[in-house]
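These notes are about the structure you will find just below.
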Amino acid sequence: MPRLTAGERHTVRFTLNGRAVEAQAEPRMLLTDFLRHELGATGTHVGCEHGVCGACTVEIDGVPARSCLTLAVQTDGASIRTVEGLAPEPGRLSVLQEAFRRHHALQCGFCTAGILMSLDNYLRRQPNPSEHELREFLGGHICRCTGYVPIVAAAMDAARRLRESPSDV
Amino acid sequence: MSAANSSTQWCGQSVERVEDAALLTGRGRFIDDLATKPGTLHAAILRSPHGHARLAAIRTDAARALPGIAAVLTGDDIRKLSASLVVGVKAPVECWPIATDRVRYVGEPVAVVVATSRYIAEDALDLIEVDYDTLPAIVDPVAALNPTQPVLHDGLKSNLASERTFRYGEPEEAFTEAAHRIAVTIRYPRNSCTPMETYGLVAEYDPGEDAYDVLANFMGPFSLHAVMARALKVPGNRFRLRTPPDSGGSFGVKQGVFPYIVLMGVAARVTGQPVKWIEDRLEHLAASVSATNRVTTLKAAVDSDGRVRALDWDQLEDVGAHIRAPEPATLYRMHGNLTGAYDIRHVSVRNRVVLTNKTPTGLNRGFGGPQVYYALERLMQRIAVELKLDPVEVIRRNLIPSGAFPYRTATGALLDSGDYVKAFGLALQDGGFAELRQRQATARAEGRLYGIGLTAAVEPSVSNMGYITTVLTPDERRKAGPKNGAQATATISLDPLGGVTVHVSSVPQGQGHRTVLAQIVADDLGLKPSDIRVVTDFDSARDAWSIASGNYSSRFAAAVGGAAKLASGKIKAKLARTAAAQLNVAADDIEFAGGKVRARGNPDNALPFSRLAATSHWSPGLVPEENQALRETAFWSPTQLTAPTEGDEINSSLCHGFIFDFCGVEIDRVTGAARIDKYVTMHDCGTILHPGMVAGQVTGGFAHAVGAALYEEYAYGDDGSFLTGTFADYLVPTTMEVPAPVILHYETPSPFTPLGAKGVGEGNCMSTPVCLANAVADALGLDAIDLPLTPAKLAAHIHGAESTPPQQERPALAAGKGRALHGAGEAHVNASADAVWRMLLDPNTLATIIPGAHGVEKLSDTHFRADVTLGVGPVTGRYKADIRLSDLDAPRAVTLTGIVTGALGDARGAGRITLTPDEAGTRVAYDYDAAIGGKVASIGGRLLDGAAKVVIRQFFAALVRHTGGAPAKRGLFARLFGRDT
Ligand code: FES
Ligand code: FES
């Protein structure tokens, strides 16, 4: 790891949703601020900035992570996925996103990006969760609008559809 | 049963939301997502760590000197360029968006830094030095009334800001005559709905026009537009307020952005550049907006069969440190509904509003309803218990009878529609109440703690602006002029290709207004929702709006949806006349269906809608003036919302939904944790426009209510310190805590709204907390129980209060004000008393011996200031220490008085040091009292006591080292310091 100097800006390069990106960041800059304000990827949201709410969840090298607890410089060279990378193509939604829309699993949509990122990863690892397992997994996210009922329904529905036609995304 | 069944086709369906594709793909446009102008500056706010203190001095030079800082503003700067926010009661008090003379709650803004980046602005906050002369804090609303307590505002004689009494019917007679008098006293705690997106805004000022332009995720009510324009000292037309297209939830809370709009407006004016401010979560929890806490005693005059004849309300409302507009509205929002869903004709009320050292209150989902129903429905359960009646029967006997609607309540509300008895019966039957009782019997037979709770409630929506004037006497109201009514607006425009656009000023925060409005207008014009584009981002300089506009009091479906229908009707009537001329039929025979405008009964005689809709663009010369159809705005104002009468009767809201809930709750005998086993909620919210969204409002409100009932409380220490400043302390429920409620509906359309719809968004916040509390009281056999129903609280009821852990120290200093510490000890140093004396008075020596000191500044011979880094348990923080020497008796004794302040809290103490020469040098003895407040005080006394001892020990150890002498025998040293208590 290169030596970094506080107060100086360093070039950070990584792959964002399959595309190489780079920008400058001080060592103290959070990954949330870097994604949103340096790279313009504003789909990732900041709900608490202290690691509790899950709104800022992104995937770093295949693992879901709180981007508000990550420094941008830590991710140099990584591969990062954010909500902007979930849809298979412009104008089409993923199976999970579709299920969210069908079940009204979002209201304000502020928590949604983080929940989608967590679920997208989880359903690949655990394609057939029980409702209890799913709820337990989602316990790391706060949504203040929906009361969670439709989120759980959407996730269960998406899991079923993905099991039935695994080639879908 | 729907009002407009025959003509609807899109309304009533759970169509997919137009909002969702963008939100699901990360293309939302929330305030912090939008591009700003080059040169936009960023603000950060320094906030008070004290609940109550006088601002002695603020030193900002070091902060200003930091590169990248454009301005540092304090209360004085804000006062120069703005005026106090108007206050809603007749009292000589001011309300500024920043502290001016005193801080009155933890989190109150003290200074604003504006810089080229947020990171730099926050760096500068650390460089601002504030001298606080702390004052005793008032946290308890009852204690605040005590005349010996300090008064928060100089203009007031006491902390009581408003008091009114009311009398309806013959309550005294009813209380004398009734067989029983039953009462409850409750303390409703503070909580907040904490939307996931915090406050945010970008403010600009144009000196050429003396005009402000602010983009903020404010939610209304736009009555506050007038408050803000006045505070900024410009006419309304020079204060342009806009909202971003998306807003991440509000639940009332984003009303509280408005003081910051004023603050940052001034910052933009001073710096000459746009200023952006995004609140962080810690700021939000400490200082955005809280619901009121309230102490209520509610008495009932009851017949032997459980019929309630009269109610006597005594409500003490705690609005926090300032009466910030629109408070004290929380107290009066329910005034017409103080008899709930019941037919009770005699009511007396005493309402008092008190100020305390807590965050100012404001809108919050439920707004006054949770506080009222907690008292009323706890009372109904107590009536059943005390009279040994079935609680189901007590509710049934008191419900407003079928066929009585519209029904005028004793306090003045006109309940628009309903059949409460029927809906209640259906809920018991379809919700499986009999089975629930069986479940309870089985559980109890097995020795488990299982209770059932019930709640009936009326959910008001579309508020009457006049209700707040009930806080004034009829005489004061006459002088002020009448204020009443509601107003909703909607605008519909046709474009040159025949497309339809709808504009409203309803400012949604995720409720799906765009989808529902498209459904309503599509139905009216015979189109598909996808043909209609709806714009909900608001612009006060462009849109039709009134002071009643905004997203509050569950007014969307009933009021704004209705206004859209009226606007559509206006444009449709014009189009129909133009079509009639072209199709050679009477206008009455024109119908709009399937994207066509056609002659009724002859579908081939038709025009495409889009062609007709474009006519006034392309051939205005052919269209008579009265048929020109480009843009229509409808203003809807219901006549039922009249001003308070001379007798203080007030129809506080237009629509009234009915709710009946019941639930089964099991309490874990060991942990005290409450588990919701079953929850049934019946709603009559009038005509349902979108079942999916109604369900979402119910489950969302229910989750808020579960949080308020079981976990959430904005907690304060006795010294005014704020104890729940993170999402790890203020616990909001997750998927694991919120079960799926069973939702039932019974629809009676409102006769007072264009679509028959009523509000539905707040009901469960009103009904559910008390329903769960009733179940818990039933499970544990409790007479009284206050929220939140935390496991610790319930476990104490099950096992008896935990015995207090053995206390090693608890001396009297500052008793009840934070945590008190006392200690004494001595050390021997190898230097003369004169030498030790000089060291104690020398900043350079102090800098080397004060643990963690980064440098000591000498302000006078007896006054020092130091920056210190201290660790308390796992938490290391930077503190400012202010140390004064007094009672100097050179070289024998000196008193050290110190205040240490930091983000985690503060410590203050005094210690007497005595120097006694002995053979080998000097014996240094000390004796101190200290009190610790703020967040650190809440993290556990043992840690603190340990930390204090370590710090003091280090101080003397360093002093000993500094004299060059080895400490006296190590064993002795340790033994002497072991005397610390
Ligand atoms: S913003 Fe990262 S967890 Fe809340
Ligand atoms: S949809 Fe608003 S917070 Fe989850």
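Naming: A, B, ... by sequence-line order, numbering from 1 per chain.
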- Message: Does atom CZ (A:R125) have a neighbourhood of more than 12 heavy atoms from anything else shown, all under 6.0 Å?
- Response: yes

- Message: Looking only at heavy atoms and a cut-off of under 4.5 Å, which of B:A22, B:G28, B:G696 has the most pairs with chain A?
- Response: B:G696

- Task: Sort A:R102 into side chain, backbone, both or neither according to what part of it lies under 4.5 angstrom from a heavy atom of chain B.
- Result: both

- Option that, when pairs with chain A are counted at under 4.5 Å, heavy atom only, ranks first among B:V738, B:T194, B:V706: B:T194

- Message: What verdict does the side chain to side chain contact (heavy atoms under 4.5 Å, CB included) test give for A:D33 and B:Y119, after you've listed the backbone C-alpha separation in whole Å, the side-chain angles of each residue and the deciding distance to 0.1 Å?
- Response: CA-CA 10 Å; A:D33 288 337; B:Y119 283 76; 2.7 Å; yes

- Heavy-atom pairs under 4.5 Å with chain B are the metric here; pick the option from A:H45, A:E84, A:H50, A:E136 that has the most. A:H50

- At their closest point, which heavy atom of B:S247 faces which heavy atom of A:C108, and how far apart are they? O-CB, 3.5 Å

- Item | Under 4.5 Å from a heavy atom of chain A, the part of B:T25 involved | both

- May I ask you to test the B:D123-A:R28 pair for a side-chain heavy-atom distance under 4.5 Å? yes

- Stepwise side chain to side chain contact (heavy atoms under 4.5 Å, CB included) check, A:Q107 with B:Q697: CA-CA 9 Å; A:Q107 288 181 27; B:Q697 287 298 313; 3.6 Å; yes

- Note on the structure: Greatest number of non-hydrogen atom pairs under 4.5 angstrom with chain A, of B:R365, B:E737, B:R118, B:H690, falls to B:H690

- Report the option among B:H704, B:Q511, B:Q509, B:R29 that has the most heavy-atom pairs separated by less than 4.5 Å from atoms of chain A. B:H704

- Message: Is it true that, when you exclude B:R27 itself, more than 12 heavy atoms of the residues, nucleotides or ligands shown sit nearer than 6.0 Å to its CZ?
- Response: no

- Is the shortest heavy-atom distance from the side chain of A:H104 to the side chain of B:S14 under 4.5 Å? yes

- Query: Within the side chain of A:Y148, is there an N or O that forms a donor-acceptor pair under 3.5 Å with the backbone of B:A703?
  - Reply: no

- Query: Shortest non-hydrogen contact from B:T699 to A:P150?
  - Reply: OG1-CD, 4.3 Å

- Message: With chain A as the partner, which of B:D33, B:V15, B:V732, B:D280 has the greatest number of non-hydrogen pairs under 4.5 Å?
- Response: B:D33

- Task: State, to 0.1 Å, how close B:A21 and A:L93 come at their nearest heavy-atom pair, and which atoms those are.
- Result: O-CD2, 4.5 Å

- Determine whether A:I151 and B:T735 make a side-chain contact, defined as any pair of heavy atoms from C-beta on separated by less than 4.5 Å. no

- State, yes or no, whether a side-chain contact exists between B:E19 and A:R101 at a heavy-atom distance under 4.5 Å. no

- Query: Between A:V52 and B:T726, is any pair of side-chain heavy atoms under 4.5 Å apart?
  - Reply: no

- Taking A:G109, A:A87, A:C145, A:G43 one by one, which has the highest count of heavy-atom pairs under 4.5 Å against chain B? A:C145

- Query: What part of A:E49 is in contact with chain B, defined as an atom under 4.5 angstrom from a non-hydrogen atom: side chain, backbone, both or neither?
  - Reply: side chain

- Note on the structure: Whatever's closer than 4.5 Å to a heavy atom in chain B on A:H37 counts as side chain

- Per the side chain to side chain contact (heavy atoms under 4.5 Å, CB included) rule, which among A:C53, A:C143, A:C48 passes with B:M196? A:C53

- Message: Would you say that B:T734 contacts A:L138 through its side chain, given a criterion of any heavy-atom pair below 4.5 Å between the two side chains?
- Response: no

- Heavy-atom contact with chain A under 4.5 Å, split by part of B:H513: neither

- Separation of B:L24 CG from A:L116 CG (nearest 0.5 Å): 6.0 Å

- Message: Please classify the contact between A:I115 and chain B as side chain, backbone, both or neither, with a heavy-atom cut-off of under 4.5 Å.
- Response: neither

- Would A:R144 and B:E712 satisfy salt bridge (Lys or Arg N to Asp or Glu O under 4.0 Å), going step by step from the backbone distance to the final call? CA-CA 13 Å; A:R144 281 303 239 174; B:E712 297 174 29; 3.1 Å; yes

- Message: Using heavy-atom distances under 4.5 Å, tell me whether A:L86 contacts chain B through its side chain, its backbone, both, or neither.
- Response: neither

- Task: Check whether B:I278 gets within reach of chain A through its side chain, its backbone, both or neither, counting any heavy atom under 4.5 Å.
- Result: neither

- Query: Aromatic rings B:F30 and A:F110: how do their planes relate, parallel, tilted or perpendicular, breaks at 30° and 60°?
  - Reply: perpendicular

- Does the side chain of B:L23 reach to within under 4.5 Å of the side chain of A:T112, using non-hydrogen atoms? no

- Please flag which part of A:V83 lies under 4.5 Å from any non-hydrogen atom of chain B: side chain, backbone, both or neither. both

- Message: If you count heavy-atom pairs within less than 4.5 Å of chain A, which of B:A695, B:P195, B:A35, B:P733 leads?
- Response: B:P733

